Amino acid sequence: MVRNPFVMQCGEFHVDYKQDMAIWKIARVRWRIFAVVALFALFPMVATDYVVGLATLCGIAAIGAIGLNILTGFTGQISIGVGAFLGVGGYTSAILTTKLGFSFWIAFPLAGLITALVGALFGIPSLRLKGLYLAIATLAAQVIILFVISRWDSLTGGTAGLVLSRPQIGSFTFMSETSYYYLMFVVLLITIVFSLNLFRTRVGRAFIAVRDRDIAAEVMGIDLFKYKVLAFFVSSFFVGIAGALLGHYTMIVSPELYSISVSIEYLAMILVGGLGSVFGSLYGAVFITLMPVVLRSVVDLLSGTFPGLEGVLVGMKEVVFGVVIILFLVYEPDGLNKIWLNIKNYFRLWPFSYTK
Amino acid sequence: MGILNVQNVSIRFGGVLALDAVSFEVKEGEIFSLIGPNGAGKTSMLNCISGLYKPTEGDIFFKGERITHIKPHKRAALGIARAFQNIELFPHLSVLDNLMLGRHVRMKTGVLAGGFYWGKAQKEEVEHRYKVEEVIDFLELEHVRNVPVGTLSYGLQKRVEVGRALAMEPDLLLLDEPMAGMNNEEKEDMARYIIDIHEEKKTTIILIEHDMGVVMDLSNHIAVLDFGKLIAYGTPKEVQTNPRVIEAYLGEEHAV
Ligand SMILES: Nc1ncnc2c1ncn2[C@@H]1O[C@H](COP(=O)(O)OP(=O)(O)OP(=O)(O)O)[C@@H](O)[C@H]1O
Ligand SMILES: [Mg+2]
C-alpha cells in the first residue's frame, strides 16, 4: 500500500516533556520546514528583480502584520494606529541615520525600541477602554502621531519627508533587490520564530488569557494592566522594525505613506490571514500586498482589449478589494490559515476525508 | 487566628445589600462550606475574597495580612486560587495550556527569554509541565490533555476549572459549586477529588455547594448565608439542627 505522505504523527512517540514541547515535534515536519525555508532562500536566484521586490514588500508587511496580530489577534486589543507606528519606526531610523549619523545596524533596533515605547504609551488607556472605545483611542494615536510628524519640520522634514539610504556592511551596500530581500528574510525568520516561541511560553499564554477571559486571567495572577501595555510594547516593536525596513527599502519617509488607510490595510491582513495566528499574518500580508498588483495587471489586460473601459476598471479594483475582504469575514472568519489547515487535514485523512 | 478572617464585610449593589456585615474565620487546613439559598450572597463573598468585588464596608485578612484593597492578581500570588461557578476557562487553549496558566505566578520567563526560548525558559517550561502533569494525573484528564477546553463536555470543563486552580498550588482554594450540573457519577468523582486535595495537599478549602449530602460529609465547618446575612455557623451537626437554618431552607427545594 502507498503511504499517505500527509500522515506524519503515526508511530511518533515523545518520551519526555522536553521533546513533546519542541516547537516542531516531528522529524518530517522539521524537514518540510527546512525545505520551505530553503525554497524561499533560493528563490531570488531564479526570479526577476520585480518579483523579488514584491516579495520583499510582502515580507516587510508580514513582519508588521505579525506585530499587529500579537496585539489584536492574540491579546484582543484592536488598534487602528498601525500606520502611524510604522511611521514612528521609519522616521526614527531616518532621523537616527541621516540626521545623527548612526549606523543602520544601531538605528534599526532602536527604531523598534522607540516605536515600542510610543506604542506602550498609547496603550495605557487600554486598562479602561475595550473594543470599539479602545479602537477610537488608537485612532487618536494615529492622528496625533501623524500631526507631530507633519508639523515638526526641523526634525522630520515636514510634508516633504526625509530621504534614507540603504544599509551597509563595510563596503557592501544592500542596494540590489536580491540583497535587500535577504536582509528582510532574516528579520522575518527571526520574527516568526520569536512569536511562535512567545505564544508557547508564559507571557504569550498570558496575552491569550487576557484576550479570552480577562477576569479569570486576573484571578490566575496576571496583572491586566502590565500585560495589556506589554502587548502594545511587543507588538509595536515589530511594527517599528517593519517601518524601518520599509523606509530603508523605499529610501523615503513622508507623512502620506502612513495614513489611516495603511492601518486599515494591516487590519485587513490579519483578518484575511487569521486572527491569532502567526502564519496567518504571513498569508494575509502576502494576499493583501499582492492583490492590488494582480488586479492591476488584470485591469491592464482588459483595458487592452476594451480600451474605453479603463476608467471603470480602475474603479472596480477598489470594489473587488472590498468585496474579497467581506467574503472572508462572512465565509471564513478564521482566515487563510484555517483554509490551509482544512486542506492539510483533508489530505491527512485521505482517502477517508469524509469522516472528518 | 485562622488563615482567612472576614470581618464585618458588607457589599451593596444599588438597592440590594448582597452581604450584610458578615464575619467568619476559616481555620488552616479545613474544609469550610458556605451554603445558603440562591441569591444569598455566596458568590459575592468569594468575589470579595478573590478581589473582584470591593466590600462597601469591612475587612478581609489572609494569613494575617489585610487584603481588602489589593488587586486580584496580587492575591493570587499570595496563595488564593479560585474555580468559578460559571466556567471561566480559556476556551481556545488546550487543557495543558489552561493548567500552565495556573502556574503563571510561579513562573518567571519574560518576553525576551520566552521569544528566544533560551535554555532557562525551556527548563522552566519543562519543570512546570511536570507539576501540571501531576494535576492532570490527579484529576484523570490524560485523555483530553491536548484538546481545546471549549470543546469538552460540561462535566470535564468543571474538572479543568478545578484543575487550573489546583495547578496554582494555593494555600486557600475557593470552589464555587464545583459539582453543579453534574450527574451523580461525576459528583462522586469530584467529591473524591476534593477529599484527596484536602488530605494530600493539606489545602484549606472554601466550598460552595447546594448538595447538602456532600456538604455535610465533607465540611469541618459550615457558614450559612441568607439574604446576605450570616445566620448560622458551626459543625455540620450544629448547623443541621439550627432552627434558623431550617427556616431559611423551608420551601426551598434543597431540604436539610
Ligand atoms: N455585580 C453585581 N451587580 C448587581 N447585583 C449583584 C452583583 N453581584 C451579585 N449581585 C446580587 O447580589 C445578590 C447575591 O448574589 P450572589 O451571586 O452572591 O448569590 P449566590 O449566593 O452565589 O447565589 P447562587 O446560589 O444562585 O449562585 C443577588 O441578589 C445578586 O443579584
Ligand atoms: Mg453563586
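Residue numbers begin at 1 in each chain, while the letters A, B, ... track the order of the sequences. Because the structure is predicted, anything quoted here is derived from the model rather than measured.
With a 4.5 Å cut-off on non-hydrogen atoms, A/Val234 touches chain B through its side chain but not through its backbone. For B/Leu52, the part lying under 4.5 angstrom from a heavy atom of chain A is the side chain only. Using a 4.5 Å cut-off between heavy atoms, B/Leu174 does not touch chain A at all. For B/Lys108, the part lying near chain A is the backbone, with the side chain staying farther off; criterion is any non-hydrogen pair under 4.5 Å. For B/Leu89, the part lying under 4.5 angstrom from a heavy atom of chain A is the backbone only.
A cation-pi arrangement, defined by a distance under 6.0 Å to the six-membered ring centre and an angle within 45 degrees of its axis, is absent between B/Lys158 and B/Phe84.
Put simply, the side chain of B/His92 reaches to within 4.5 Å of the side chain of A/Arg211, judged on heavy atoms.
Counting only residues at least two apart or in different chains, side-chain hydrogen bond (donor to acceptor under 3.5 Å, both in side chains) contacts with residues 163-175 of chain B comprise B/Lys63-B/Asp171, B/Arg103-B/Glu169, B/Glu161-B/Arg164.
Between B/His104 and A/Tyr227, the ring-plane angle classifies as perpendicular under the 30° and 60° cut-offs.
Scored by the side-chain contact (heavy atoms from CB on, under 4.5 Å) test, B/Glu125 finds A/Met21, A/Thr201, A/Arg205, B/Met100, B/Met107, B/Tyr117 as partners (sequence neighbours excluded). Residues passing the side-chain hydrogen bond (donor to acceptor under 3.5 Å, both in side chains) test with A/Arg213: none are found, sequence neighbours excluded.
At a heavy-atom cut-off of under 4.5 Å, chain A is reached by no residue from residues 42-49 of chain B.
Your options are B/Gly115, B/Ala76, B/Ala121, and the one with the most heavy-atom pairs under 4.5 Å with chain A is B/Gly115. Of the listed residues (B/Leu78, B/Val111, B/Val105, B/Val126), the one with the most heavy-atom contacts under 4.5 Å to chain A is B/Val111.
Taking a cutoff of 4.0 Å between a charged side-chain nitrogen and a carboxylate oxygen, B/Glu133 and B/Arg129 qualify as a salt bridge. Ion pair B/Asp196/B/Lys201 not flagged as a salt bridge, since none of the NZ, NE, NH1 or NH2 atoms sits closer than 4.0 Å to an Asp/Glu carboxylate oxygen.
The distance between the ring centers of A/Phe237 and A/Phe194 does not fall below 6.0 angstrom.
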